[in-house]
Protein chains: 2
Amino acid sequence: MHEKQYRIGEFSKLVGLSAYTLRYYEDQDLILSQRDENGVRYYTAEDIRWIGFILHLKGTGMRLNELKRYVQLRAQGDGTIGERRAMLQKVKDDAEADIAELQMHLKVLSRKIDWYDGKTDHTIPDTESFHDYLQKFNK
Amino acid sequence: MHEKQYRIGEFSKLVGLSAYTLRYYEDQDLILSQRDENGVRYYTAEDIRWIGFILHLKGTGMRLNELKRYVQLRAQGDGTIGERRAMLQKVKDDAEADIAELQMHLKVLSRKIDWYDGKTDHTIPDTESFHDYLQKFNK
DNA sequence: AAACACCTTTGAGTGCACTCGAAGGCAAGG
DNA sequence: CCTTGCCTTCGAGTGCACTCAAAGGTGTTT
């Protein structure tokens with residue numbers, strides 16, 4: 001029993017990346033493809049999982065060249081697990097820092113929205129600037 | 001009593017944007033500057049607050065051209081508060097969606113780190129793939 | 001026979017937000 | 001007088017990750 005094989009067009013729809021991008025990723029050594037007797041690429045369920053995983057990494061802000069490094073380490077076997085773990089930990093820490101910053105910005109934005117609402121329904125005096133309003137939360 | 005005036009060099013350090021960027025933002029109509037009798041830009045505490053605010057907006061993912069639109073509306077007065085509020089709400093919703101997605105990716109990344117740890121200390125059998133391991137969380 | 005999906009290499013274009021340099025000029029301070 | 005810091009316009013360069021087109025090829029399907 002052999003798994004279903006997907007050619008690039010079908011696979012492209014499956015993983016949500018264009019055929020251009022898939023070839024580009026292969027060129028960048030992020031993914032591999034197998035070839036049939038005519039040199040036509042095909043992919044399997046395993047490749048779907050791999051792409052899925054690299055999309056998670058990308059989704060957390062990992063750059064293509066870091067990803068490439070990661071792939072190289074993976075190819076070198078279990079001896080590189082420590083280094084790979086460290087890479088992921090760093091990406092994770094960075095992403096968490098990004099989220100924290102984003103949330104900080106969002107807080108101000110939310111307060112601005114509240115301030116607009118206060119102006120509109122006159123629960124905030126006309127004379128109170130957003131800056132003044134914001135200050136109230138900082139003591 | 002008049003407020004302290006900052007020339008572009010000093011102001012640049014104060015707000016963390018290069019003089020190039022400040023001129024660029026002015027060019028893009030995101031900020032205004034006053035000029036002295038020689039045509040030299042100067043900024044005040046009010047400008048610090050304004051830049052601070054636009055950096056919050058940028059920080060939540062607002063693009064320069066949206067920001068520009070926002071600035072235009074602001075210049076048109078209180079009649080545009082509704083539209084401005086709506087813009088901010090959209091930016092907020094988008095940012096929250098981004099955070100949610102980021103957290104989803106982070107979850108997988110964290111599990112991969114745990115999986116590495118499990119492999120390293122042999123609490124996860126050698127035969128269990130990450131994919132198998134992940135599946136356990138989805139039932 | 002034509003249409004279709006794929007293959008190759010190569011190089012150019014896109015979008016965003018800067019970032020910088022050239023070239024020439026003004027004004028204040030040491 | 002010279003350096004520093006600012007001014008202008010204009011155009012080019014940067015980084016990232018695609019995205020696409022050209023030009024010519026192979027093999028399968030209708």
Side-chain angles (χ1 to χ4, degrees), chain A residues 4-44 47 51-71 91 94-95 98 101-102 105, chain B residues 4-44 47 51-71 91 94-95 98 101-102 105:
Chain A
K4 166 135 213 252
Q5 299 181 350
Y6 307 91
R7 291 173 59 168
I8 203 166
E10 192 183 359
F11 189 65
S12 150
K13 283 163 202 154
L14 220 53
V15 299
L17 295 175
S18 73
Y20 289 126
T21 302
L22 288 169
R23 290 193 203 98
Y24 173 70
Y25 279 7
E26 187 172 328
D27 209 59
Q28 300 296 305
D29 298 317
L30 304 183
I31 56 177
L32 279 177
S33 61
Q34 299 177 79
R35 305 300 183 106
D36 70 12
E37 66 285 0
N38 297 311
V40 173
R41 285 174 185 82
Y42 68 87
Y43 304 89
T44 65
D47 298 309
I51 301 268
F53 182 60
I54 75 177
L55 291 181
H56 285 305
L57 295 188
K58 257 182 62 61
T60 43
M62 205 177 194
R63 308 286 182 81
L64 292 203
N65 50 2
E66 298 178 89
L67 214 28
K68 194 171 170 171
R69 169 81 182 135
Y70 181 85
V71 171
V91 170
D94 290 351
D98 287 351
E101 205 184 309
L102 204 45
H105 292 307
Chain B
K4 163 132 213 245
Q5 298 180 352
Y6 306 91
R7 291 172 60 171
I8 202 166
E10 192 183 0
F11 189 66
S12 151
K13 283 162 202 156
L14 222 54
V15 299
L17 294 175
S18 73
Y20 288 126
T21 302
L22 288 169
R23 290 194 202 97
Y24 173 69
Y25 278 9
E26 187 172 327
D27 208 59
Q28 299 297 303
D29 299 316
L30 304 185
I31 56 178
L32 279 178
S33 60
Q34 299 179 77
R35 304 299 181 107
D36 70 12
E37 65 285 359
N38 298 310
V40 173
R41 284 173 184 83
Y42 69 86
Y43 304 91
T44 64
D47 298 310
I51 301 269
F53 183 61
I54 75 177
L55 291 181
H56 284 306
L57 295 188
K58 256 183 60 65
T60 42
M62 205 175 194
R63 307 288 182 79
L64 292 202
N65 51 3
E66 297 179 88
L67 214 28
K68 193 170 171 173
R69 170 83 183 132
Y70 180 84
V71 171
V91 170
D94 289 352
D98 287 350
E101 205 185 308
L102 204 44
H105 291 308

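The basis for the numbers below is simple: all heavy atoms, side chains too, and nothing from hydrogens, waters or symmetry mates. Since the structure is predicted, the reported quantities are computational estimates derived from the model, not experimental observations. Residue numbering restarts at 1 for every chain, and letters A, B, ... go by the order of the sequence lines.
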* **Contacts of type side chain to side chain contact (heavy atoms under 4.5 Å, CB included), residue A:Leu102, not counting sequence neighbours** => B:Ile99
Compile the donor-acceptor pairs under 3.5 Å between side chains in residues 9-20 of chain B and protein atoms, sequence neighbours left out, one pair per line.
unit_1, atom_1, unit_2, atom_2, d
B:Glu10, OE1, B:Lys4, NZ, 3.3
B:Glu10, OE2, B:Lys4, NZ, 2.8
B:Ser12, OG, B:Leu17, O, 2.9
B:Ser18, OG, B:Tyr20, N, 3.4
B:Ser18, OG, B:Thr21, N, 3.0
B:Ser18, OG, B:Thr21, OG1, 2.8

* To do: Please collect all salt bridge (charged side-chain N to carboxylate O under 4.0 Å, His left out) contacts where either partner lies in residues 28-41 of chain B, sequence neighbours excluded, each pair once.
  =>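 Salt bridge (charged side-chain N to carboxylate O under 4.0 Å, His left out) check on residues 28-41 of chain B returns B:Glu26-B:Arg35, B:Glu26-B:Arg41.
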* Can you tell me which residue pairs pass the salt bridge (charged side-chain N to carboxylate O under 4.0 Å, His left out) test with a partner in residues 51-68 of chain A, sequence neighbours excluded? =>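 Passing the test, one end in residues 51-68 of chain A: no pairs.
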* Structure fact -> Sorted by chain and number, sequence neighbours left out, side-chain hydrogen bond (donor to acceptor under 3.5 Å, both in side chains) with B:Arg7 holds for none
To the nearest Å, give me how far apart [atom1] ([X]) and [atom2] ([N]) are.
| X | N | atom1 | atom2 | value |
| --- | --- | --- | --- | --- |
| A:Tyr42 | C:dC7 | OH | P | 13 Å |
| A:Glu10 | C:dA5 | CD | P | 12 Å |
| A:Tyr43 | C:dA5 | OH | C1' | 13 Å |
| B:Lys68 | C:dC18 | NZ | C1' | 15 Å |
| A:Leu30 | D:dC18 | CG | P | 9 Å |
| A:Gln28 | D:dT19 | CD | P | 14 Å |
| B:Ile54 | C:dC18 | CD1 | C1' | 14 Å |
| A:Met62 | D:dA17 | CE | P | 11 Å |

* Asked: Shortest non-hydrogen contact from A:Leu32 to A:Tyr43?
  -> O-CE2, 4.1 Å
* May I have the step-by-step check of side chain to side chain contact (heavy atoms under 4.5 Å, CB included) for A:Thr44 and A:Gln34, ending in yes or no? => CA-CA 9 Å; A:Thr44 65; A:Gln34 299 177 79; 4.0 Å; yes
* Under the salt bridge (charged side-chain N to carboxylate O under 4.0 Å, His left out) test, residues paired with A:Asp94 that sit two or more places apart -> A:Lys90
* To do: Only counting residues at least two apart or in another chain, list the ones meeting salt bridge (charged side-chain N to carboxylate O under 4.0 Å, His left out) with A:Arg23.
  =>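 Counting only residues at least two positions away or on another chain, A:Arg23 forms no salt bridge (charged side-chain N to carboxylate O under 4.0 Å, His left out).
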* Structure fact -> Per-nt protein contacts along nucleotides 20-30 of chain D (heavy atom under 4.0 Å; B base, S backbone sugar-phosphate only, - none) come out as B------S---
* Structure fact -> Once base and sugar-phosphate atoms are separated, protein heavy atoms under 4.0 Å mark nucleotides 8-16 of chain D, 5' to 3', with B, S and - as S-------S
* To do: Please work out if A:Tyr25 contacts a base, only the sugar-phosphate, or nothing of the nucleic acid, heavy-atom cut-off 4.0 Å.
  => sugar-phosphate
* Asked: Quick one: is B:Lys58 getting a side-chain N or O under 4.0 Å of the C:dC18 phosphate, OP1 or OP2?
  ->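 For C:dC18, OP1/OP2 do have a side-chain N/O of B:Lys58 under 4.0 Å.
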* Answer yes or no: does a side-chain N or O of A:Thr21 lie under 4.0 Å from OP1 or OP2 of D:dA17? =>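 For D:dA17, OP1/OP2 do not have a side-chain N/O of A:Thr21 under 4.0 Å.
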